[in-house]
Amino acid sequence: MKSHRRELVFKVPARRAFVNITPQVEEALRESGVREGLVLVNAMHITASVFINDDEPGLHADYERWLEELAPHEPVSRYAHNRTGEDNGDAHLKRQVMGREVVVAVTAGKLDFGPWEQIFYGEFDGRRAKRVLVKIIGD
Amino acid sequence: MKSHRRELVFKVPARRAFVNITPQVEEALRESGVREGLVLVNAMHITASVFINDDEPGLHADYERWLEELAPHEPVSRYAHNRTGEDNGDAHLKRQVMGREVVVAVTAGKLDFGPWEQIFYGEFDGRRAKRVLVKIIGD
Amino acid sequence: MKSHRRELVFKVPARRAFVNITPQVEEALRESGVREGLVLVNAMHITASVFINDDEPGLHADYERWLEELAPHEPVSRYAHNRTGEDNGDAHLKRQVMGREVVVAVTAGKLDFGPWEQIFYGEFDGRRAKRVLVKIIGD
């Protein structure tokens with residue numbers, strides 16, 4: 001069994017954003033030489049998500065608005081977590097809706113995707129360097 | 001390490017439905033010959049989910065009602081995504097709540113499940129053929 | 001390829017609670033002898049979650065309040081599922097928001113975690129013994 005590890009680093013200039021990271025995951029897969037196996041892609045930070053959906057700006061605007069309805073950023077006093085001096089209580093909730101990780105099949109050396117699947121990094125507390133882990137196992 | 005791949009195809013006649021796909025996943029596992037490993041089951045489309053819960057019609061009615069409260073289908077003008085000509089903006093949000101995929105342990109050649117665990121395909125934009133991927137790795 | 005399986009048992013005295021299970025998962029990893037691979041940690045019951053986030057009591061209070069807003073326990077008549085004689089309809093919904101499982105990379109014999117990642121068991125219908133499965137594969 002082969003295994004391969006790569007970290008991706010993102011410094012999103014805004015508090016929130018969605019970044020298509022499919023090309024970086026594909027590059028890590030090529031490096032790995034794995035032909036059949038699984039890829040795990042996960043946020044290493046707990047106020048960010050990795051998820052799979054469509055690369056369509058209207059949809060991303062819908063996610064932004066919807067997540068803000070489900071878990072508003074303000075007032076920051078709304079969250080007990082923010083008594084620690086943080087202002088990112090909402091980000092910990094948004095991340096649970098969108099998820100921490102995806103697991104993707106590798107078949108014949110490629111990400112085994114349906115027609116519209118793309119991998120996104122979802123940042124909910126940006127403006128600093130944060131990491132995503134890509135771990136690939138297989139043959 | 002062995003690997004095995006199978007696609008399941010669903011054409012749900014309604015816009016939304018939950019389909020128990022455990023038997024098909026078990027069949028794919030038997031085909032694979034894997035005794036110890038992991039099974040990944042994921043929707044290949046981004047307006048559908050694969051999740052594990054109870055096969056109880058009342059619960060499915062509760063999910064349907066709850067998801068419609070969290071992300072109503074109408075008015076379709078509510079979603080920026082629908083400006084592309086689609087009417088499935090809600091389906092992309094519902095899928096995030098219910099999830100894209102499950103990973104299940106394989107032990108002694110069987111799905112290693114608790115007493116009530118069953119795998120479901122959750123369709124949120126049906127009435128056309130859509131696919132689920134089953135990828136199995138192990139020995 | 002090695003594989004290792006361990007069940008953890010929890011009997012939470014309250015209906016709902018979050019329990020940090022990272023030490024038990026680390027112990028299972030040590031037992032396995034796996035140096036490079038993947039760990040799957042999943043609730044074996046469908047009214048409980050396994051998720052990764054911060055070990056901070058204010059955050060856990062925020063999750064508790066937020067999940068109760070999204071899917072209130074009462075009135076229990078609110079859920080069609082409860083017509084079966086159960087009173088845990090809400091727990092099946094809360095579990096979908098928080099997730100069934102996590103998959104964690106194993107690198108150099110350790111859980112390959114970012115700085116704040118901790119694994120939690122989320123109980124939404126406690127006061128009885130319930131199980132979590134840890135399955136580890138790799139070399």
Side-chain angles (χ1 to χ4, degrees), chain B residues 1-3 18 22 34-42 49-71 93-120 122 136-139, chain C residues 1-9 32 37-51 69-72 76-86 88-104 125 128-139:
Chain B
M1 199 199 76
K2 287 178 188 168
S3 72
F18 300 114
T22 315
V34 168
R35 302 282 303 166
E36 297 291 329
L38 296 176
V39 181
L40 167 70
V41 189
N42 69 265
S49 286
V50 170
F51 67 96
I52 287 176
N53 217 294
D54 198 1
D55 198 353
E56 198 282 297
L59 177 63
H60 297 183
D62 291 333
Y63 280 140
E64 163 65 17
R65 189 170 55 90
W66 180 62
L67 291 167
E68 195 57 21
E69 287 169 11
L70 291 178
L93 279 56
K94 288 168 170 137
R95 122 72 168 253
Q96 289 305 125
V97 176
M98 298 304 278
R100 167 188 180 257
E101 76 211 16
V102 295
V103 177
V104 181
V106 178
T107 301
K110 303 224 161 148
L111 298 177
D112 196 335
F113 267 163
W116 300 101
E117 289 189 281
Q118 295 284 300
I119 308 173
F120 289 88
I136 305 167
I137 70 166
D139 278 340
Chain C
M1 199 199 76
K2 288 178 187 169
S3 72
H4 184 69
R5 178 191 196 276
R6 180 160 171 188
E7 280 185 16
L8 312 177
V9 182
S32 75
L38 296 176
V39 180
L40 168 69
V41 188
N42 70 264
M44 299 184 76
H45 298 257
I46 53 190
T47 51
S49 287
V50 170
F51 67 96
E69 287 170 9
L70 290 178
V76 295
S77 61
R78 174 188 180 103
Y79 300 101
H81 180 59
N82 289 340
R83 289 181 207 146
T84 62
E86 301 275 1
N88 63 8
D90 65 309
H92 290 271
L93 278 56
K94 287 167 170 138
R95 122 72 168 252
Q96 290 305 126
V97 176
M98 298 303 279
R100 167 187 179 260
E101 78 212 15
V102 296
V103 177
V104 181
D125 184 32
R128 54 199 168 100
K130 292 167 76 173
R131 291 177 292 154
V132 165
L133 178 63
V134 183
K135 184 88 182 188
I136 304 167
I137 69 167
D139 278 339

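Throughout, protein chains are lettered first and strands after them, A, B, ... in sequence-line order, and every chain is numbered starting at 1.
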Practice task
Find the distance between CG (Leu38(B)) and CD1 (Ile137(C)) and round it off to the nearest 0.5 Å.
Solution key: 4.0 Å
Practice task
For residues Asn42(C) and Ile52(B), determine if any side-chain heavy atom of one lies less than 4.5 Å from a side-chain heavy atom of the other.
Solution key: no
Fill in the blank from the handout: Looking only at heavy atoms, the pair that brings Ala80(C) and Gly58(B) closest together is CB-O, 3.5 Å
Exercise for the section: State whether the side chain of Arg100(C) and the backbone N or O of Asn53(B) hold a donor-acceptor pair below 3.5 Å, judged by distance alone. Expected result: no
Problem - Which atoms of Met1(B) approach chain C - backbone, side chain, both or neither, heavy atom under 4.5 Å - result: side chain
Handout entry: Under 4.5 Å from any heavy atom of chain C - which part of Trp66(B)
Key = side chain
Problem - Under 4.5 Å from a heavy atom of chain B, the part of Glu101(C) involved - result: side chain
Completion exercise
The interface call for Thr47(C) against chain B, heavy-atom contacts under 4.5 Å, is neither
Fill in the blank from the handout: Of the listed Val97(C), Asn82(C), Leu133(C), the one with the largest count of heavy-atom pairs under 4.5 Å with chain B is Leu133(C)
Problem - Check: Leu70(C) and Leu70(B) side chains under 4.5 Å, non-hydrogen atoms - result: yes
Fill in the blank from the handout: Residue from Glu7(C), Arg95(C), Arg83(C) scoring the most non-hydrogen pairs under 4.5 Å with chain B is Arg95(C)
Practice task
Identify which part of Leu93(C) has an atom lying under 4.5 Å from any heavy atom of chain B, answering side chain, backbone, both or neither.
Solution key: both
Handout entry: chain B contacts, top residue of His45(C), His81(C), Met44(C), Arg5(C) (heavy-atom pairs, under 4.5 Å)
Key = His81(C)
Handout entry: Proximal component of Phe51(B), with respect to chain C [non-hydrogen, under 4.5 Å]
Key = side chain
Exercise for the section: Give, as side chain, backbone, both or neither, the part of Arg131(C) having an atom under 4.5 angstrom from any heavy atom of chain B. Expected result: side chain
Practice task
Step through the shown structure and confirm whether more than 12 heavy atoms of other residues, nucleotides or ligands are within 6.0 Å of CZ on Arg65(B).
Solution key: yes
Exercise for the section: Inspect the surroundings of CZ in Arg35(B) and state if more than 12 heavy atoms from other residues, nucleotides or ligands are less than 6.0 Å away. Expected result: no
Completion exercise
Applying side chain to side chain contact (heavy atoms under 4.5 Å, CB included) to Pro72(C) and not counting sequence neighbours gives Glu68(C), Arg78(C), Tyr79(C)
Side-chain donor-acceptor pairs of residues 104-111 of chain B under 3.5 Å, sequence neighbours excluded:
from, atom 1, to, atom 2, distance (Å)
Thr107(B), OG1, Asp112(B), OD2, 2.6
Thr107(B), OG1, Lys135(C), NZ, 2.7

Fill in the blank from the handout: Greatest number of non-hydrogen atom pairs under 4.5 angstrom with chain C, of Gly99(B), Gly114(B), Ala61(B), falls to Gly114(B)
Exercise for the section: Check each atom of Glu69(B) against the heavy atoms of chain C and say whether the ones under 4.5 Å are side chain, backbone, both or neither. Expected result: side chain
Practice task
Among Leu59(B), Asp55(B), Asp54(B), find the residue that satisfies the side chain to side chain contact (heavy atoms under 4.5 Å, CB included) test when tested with Ile46(C).
Solution key: Asp54(B)
Problem - For the student: nearest non-hydrogen atoms of Glu117(B) and Ala43(C), plus distance - result: OE2-O, 3.5 Å
